2 protein chains.
Amino acid sequence: MPASRSATSLGPGLPARQQSLRDHNLALALRVVSDAGGPVSRAQIAGATGLTRATASTLVELLLAGGLLTETALLTAPGSGRPAVGLALAPGGFGGLGLEVNVDYLAVTVVDLTGEVVLREVLDGDQRGRSPDVVLKAAARLAASALATAHGRGLRVAGTAVSVPGLVRDGRHVRAPNLGWYAVDVLAALRRNPSVAALDLSIDNEANDAARSEVTAELRSFLFVSGEIGVGAGIVLDGVLFRGTRGWAGELGHVSVDPAGPRCRCGAQGCLEVVAGLEAVTRAAGLTPTQGLPHGVALTAAAEAGDGATLAALEAAARALATAIGGALHLLDVGTVVLGGAYARLAPWLVPTLSRCLQERLLWSSWEGPIVRPAAQGAEAASLGGARSVVARLLSEPERWLVT
Amino acid sequence: MPASRSATSLGPGLPARQQSLRDHNLALALRVVSDAGGPVSRAQIAGATGLTRATASTLVELLLAGGLLTETALLTAPGSGRPAVGLALAPGGFGGLGLEVNVDYLAVTVVDLTGEVVLREVLDGDQRGRSPDVVLKAAARLAASALATAHGRGLRVAGTAVSVPGLVRDGRHVRAPNLGWYAVDVLAALRRNPSVAALDLSIDNEANDAARSEVTAELRSFLFVSGEIGVGAGIVLDGVLFRGTRGWAGELGHVSVDPAGPRCRCGAQGCLEVVAGLEAVTRAAGLTPTQGLPHGVALTAAAEAGDGATLAALEAAARALATAIGGALHLLDVGTVVLGGAYARLAPWLVPTLSRCLQERLLWSSWEGPIVRPAAQGAEAASLGGARSVVARLLSEPERWLVT
DNA sequence: AGCATAAGTTCAATGGGTCAACAAATGCCG
DNA sequence: CGGCATTTGTTGACCCATTGAACTTATGCT
């Protein structure tokens with residue numbers, strides 16, 4: 001379960017010193033361990049990185065002392081020779097925390113260095129009626145309690161990633177129309193809780209973090225399409241999220257799929273969101289949005305019951321999705337689409353049509369057809385992805401955590 | 001005129017050695033010189049990079065010895081103190097060559113380290129009737145002659161970038177339907193010419209190289225939209241071309257703008273290319289494509305004459321462009337659109353409508369409106385962009401050219 | 001002429017990776 | 001059961017790039 005393979009290189013624009021060599025090679029060695037399925041030896045690290053065994057040993061020694069690696073049982077060599085000492089990411093040392101503030105729940109996830117979930121808590125409840133202050137106070141309490149539990153188990157939390165369902169400006173102000181938030185400084189509000197204030201906080205869009213949660217060693221580049229009332233996308237390229245010049249990339253919901261379609265709140269006509277968003281599909285299916293329940297539930301039930309209007313609405317949504325996603329794939333040249341959010345639950349009815357339409361559209365489908373699959377992570381994926389992004393940062397900049 | 005600011009960092013996945021420090025810092029120092037408007041002193045390099053004056057001096061010495069830099073006149077300091085020795089990119093030493101094979105011409109451009117054109121030659125003529133072998137033989141001769149001239153002026157050509165109007169697979173095989181080429185190994189054919197064989201050849205799509213030619217110090221991220229018979233785009237992010245996972249990114253021509261539109265040769269309906277490509281616009285304007293002449297010429301003439309049908313056709317094309325480009329901007333979050341190819345000539349009629357429609361569509365237009373402008377480089381931009389990309393590579397990896 | 005100031009150079013010190021030799025730990029084979 | 005091949009991991013001398021501080025050089029200002 002390696003997290004993101006962020007660039008373990010010296011920052012462009014910064015001078016390279018001796019210490020930079022160390023930093024780079026530490027991250028390199030660590031990545032060999034995190035990318036390998038099982039335990040790895042010092043000699044294997046040397047082989048995989050191109051460093052000498054001497055250097056690999058030195059680096060490993062530092063990572064062991066810093067609590068990022070642990071020695072495991074001996075590895076039985078295939079032939080003869082001295083058996084190797086196994087090395088693995090330390091499961092009990094450092095961890096990452098993800099805090100998700102969403103429309104109808106709050107969630108917190110803590111993962112260890114291997115990306116495994118060690119703690120998860122969800123607080124259901126519609127947040128729309130409550131003021132940002134009240135919501136964020138509850139979220140901070142949730143994070144603080146998770147933090148205390150993690151500390152109790154000996155886990156050091158290296159950072160906290162906050163996920164919100166909206167646009168983030170300047171890394172601070174959140175505009176989340178679905179929550180009725182227009183310029184809420186989420187991090188400042190969270191920091192009012194003293195035990196959260198001590199944390200290294202960062203914030204990102206919920207779809208972005210959900211996309212991050214789908215990164216695996218095998219699948220490193222894909223388009224993550226999250227469908228709820230709004231439609232958003234996370235673009236993941238070689239394990240790192242593509243953010244665009246201002247951090248607003250991935251607004252798939254406002255790609256046009258029908259120039260003569262219904263008007264969208266953004267001002268344009270026929271945006272994907274107003275054609276294939278949950279609200280539109282629910283209405284097209286002839287269902288009334290169940291009060292308090294997420295739209296996806298009613299839709300899924302109707303589809304499972306084989307309701308004709310619902311199946312037709314889903315078919316139409318899949319076609320619209322194919323139009324928008326096809327355009328995105330032509331622009332971005334990624335080979336895989338991951339359906340998240342409510343689309344994941346609706347995948348059985350969306351994937352066949354979507355897959356077929358994409359196959360028909362894509363220029364290069366005769367060489368390499370697109371792969372469409374539902375998200376592997378279920379609900380609350382954003383808090384997992386956020387937590388993993390903390391760990392990914394730790395793994396790519398280990399020197400920051402190796403206090404001498 | 002700095003060329004692309006490619007990452008001057010140690011390759012990810014590669015071990016960092018002492019030599020890597022040197023390489024990184026050499027590129028860093030060189031970039032300070034290339035990014036600065038005028039001559040720079042050693043002390044300024046030290047200040048800008050964070051290196052010590054001692055190190056900056058050492059690096060500059062190497063770059064001088066390698067012929068990448070030259071000393072210029074003394075710089076008058078603002079206060080008193082010892083005057084600094086000016087340093088600038090050596091204009092006469094190294095250069096890059098771009099060779100463009102296009103539908104109705106062949107072009108070659110040679111630039112020096114500063115990105116200035118020192119030599120350009122264009123061979124007009126429709127290449128569609130001729131076999132790839134004949135075309136590429138002529139192209140190789142053109143390159144060889146330019147190379148000889150450049151050598152005669154003392155310029156060492158560091159590499160050659162070939163631009164073709166089609167998809168490139170595996171860095172070798174070119175599929176260019178407009179030329180009637182389906183799997184032509186362009187580089188192998190060019191190498192049959194002995195004086196070209198010695199060059200370090202690379203190959204890319206013509207639109208990509210044209211996009212590269214628009215990169216300046218001020219404009220480092222944009223969507224370059226090239227309209228001819230086909231429509232393609234080059235996505236430039238912080239000075240480097242975004243290529244996607246397989247190198248096919250930027251196929252804007254096959255983004256759908258009208259699900260009920262005419263069928264495209266790719267199989268889908270309503271692709272931008274069949275709605276706003278030159279052929280479609282020409283037909284919509286009621287013009288017959290002038291035999292042998294590029295479509296854009298007839299259109300431009302009719303538009304200048306104020307022909308009503310033509311103006312209406314261009315207006316419709318601009319709307320279609322807005323639909324497709326709007327989607328791309330929402331996905332990629334870049335702020336500027338550069339119109340290239342025939343669209344550059346048609347810009348006076350396209351930009352107003354396109355700009356207004358984008359303003360209406362874009363989610364964030366109230367914060368930051370999109371900028372739309374025609375390409376600064378005219379025809380044969382691809383050969384310029386290719387030549388510049390060679391120089392950009394040289395500047396980002398200077399150690400490869402500093403023979404000890 | 002003398003002084004302040006800034007540019008550029010010199011050189012010992014620091015620190016990180018390499019290289020080669022060596023020690024340690026196992027399987028294999030006689 | 002003992003020697004041998006084989007592979008792992010460690011040690012120390014060496015190399016090399018950057019640092020930092022002292023020093024030299026070249027100019028303007030008073």
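Computed from a predicted structure; not experimentally measured.
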Sugar-phosphate only, base, or nothing, as touched by Ala43(B) at under 4.0 Å among non-hydrogen atoms: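 Sugar-phosphate contact only - Ala43(B) comes under 4.0 Å of backbone atoms but never of a base.
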
Sugar-phosphate, base or nothing in reach of Arg42(B), heavy atoms under 4.0 Å: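 Counting heavy atoms under 4.0 Å across all strands, the contact made by Arg42(B) is with sugar-phosphate only.
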
Residue mapping more 5' on DNA chain D - nearest nucleotide basis, Gln18(A) or Glu61(A):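 Here Glu61(A) is the residue nearer the 5' end.
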
Given atom [atom1] of [X] and atom [atom2] of [N], what is their separation to the nearest angstrom?
{"X": "Ile45(A)", "N": "dT8(D)", "atom1": "CD1", "atom2": "P", "answer": "12 Å"}
{"X": "Leu59(A)", "N": "dG9(D)", "atom1": "CG", "atom2": "P", "answer": "14 Å"}
{"X": "His24(A)", "N": "dG17(C)", "atom1": "NE2", "atom2": "P", "answer": "10 Å"}
{"X": "Leu28(A)", "N": "dG17(C)", "atom1": "CG", "atom2": "C1'", "answer": "13 Å"}
{"X": "Leu51(A)", "N": "dG9(D)", "atom1": "CG", "atom2": "P", "answer": "15 Å"}
{"X": "Leu21(A)", "N": "dT18(D)", "atom1": "CG", "atom2": "P", "answer": "9 Å"}
{"X": "Leu62(A)", "N": "dG15(C)", "atom1": "CG", "atom2": "C1'", "answer": "13 Å"}
{"X": "Leu26(B)", "N": "dT18(D)", "atom1": "CG", "atom2": "P", "answer": "8 Å"}

Distance check: side-chain N/O of [X] vs OP1/OP2 of [N], anything under 4.0 Å?
{"X": "Asn25(B)", "N": "dA17(D)", "value": "no"}
{"X": "Gln19(B)", "N": "dC16(D)", "value": "no"}
{"X": "Thr52(B)", "N": "dT19(D)", "value": "yes"}

Distance-only donor-acceptor check, side chains Thr52(B) and Thr55(B), under 3.5 Å: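 Result is yes, a qualifying pair exists.
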
Toward the 5' end of DNA chain C, by each residue's nearest nucleotide, Leu74(A) or Arg22(A):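 Upstream on the strand: Arg22(A).
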
Main-chain N/O of Gly95(A) paired with Asp112(A) side-chain donor or acceptor, under 3.5 Å: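 A pair under 3.5 Å: no.
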
Any donor-acceptor pair under 3.5 Å from His24(A) side chain to Gln19(A) backbone: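 No: the side chain of His24(A) does not pair with the backbone of Gln19(A).
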
Of all the nucleotides listed ([options]), which has the minimum atom distance to the side chain of [X]?
{"X": "Arg82(A)", "options": "dG17(C), dT11(D), dA25(C)", "result": "dA25(C)"}
{"X": "Arg53(B)", "options": "dT18(D), dA7(C), dT19(D)", "result": "dA7(C)"}
{"X": "Ser41(B)", "options": "dG8(C), dT18(D), dG17(C)", "result": "dG8(C)"}

Over all atoms of both residues, closest heavy-atom pair of Ala387(A) and Gly96(A):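 Smallest heavy-atom distance, with atoms named: CB-O, 3.6 Å.
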
Where Ala36(A) and Val40(A) come nearest, the two heavy atoms and their spacing: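 For Ala36(A) versus Val40(A), the nearest heavy atoms are CB-CG2, 3.4 Å.
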
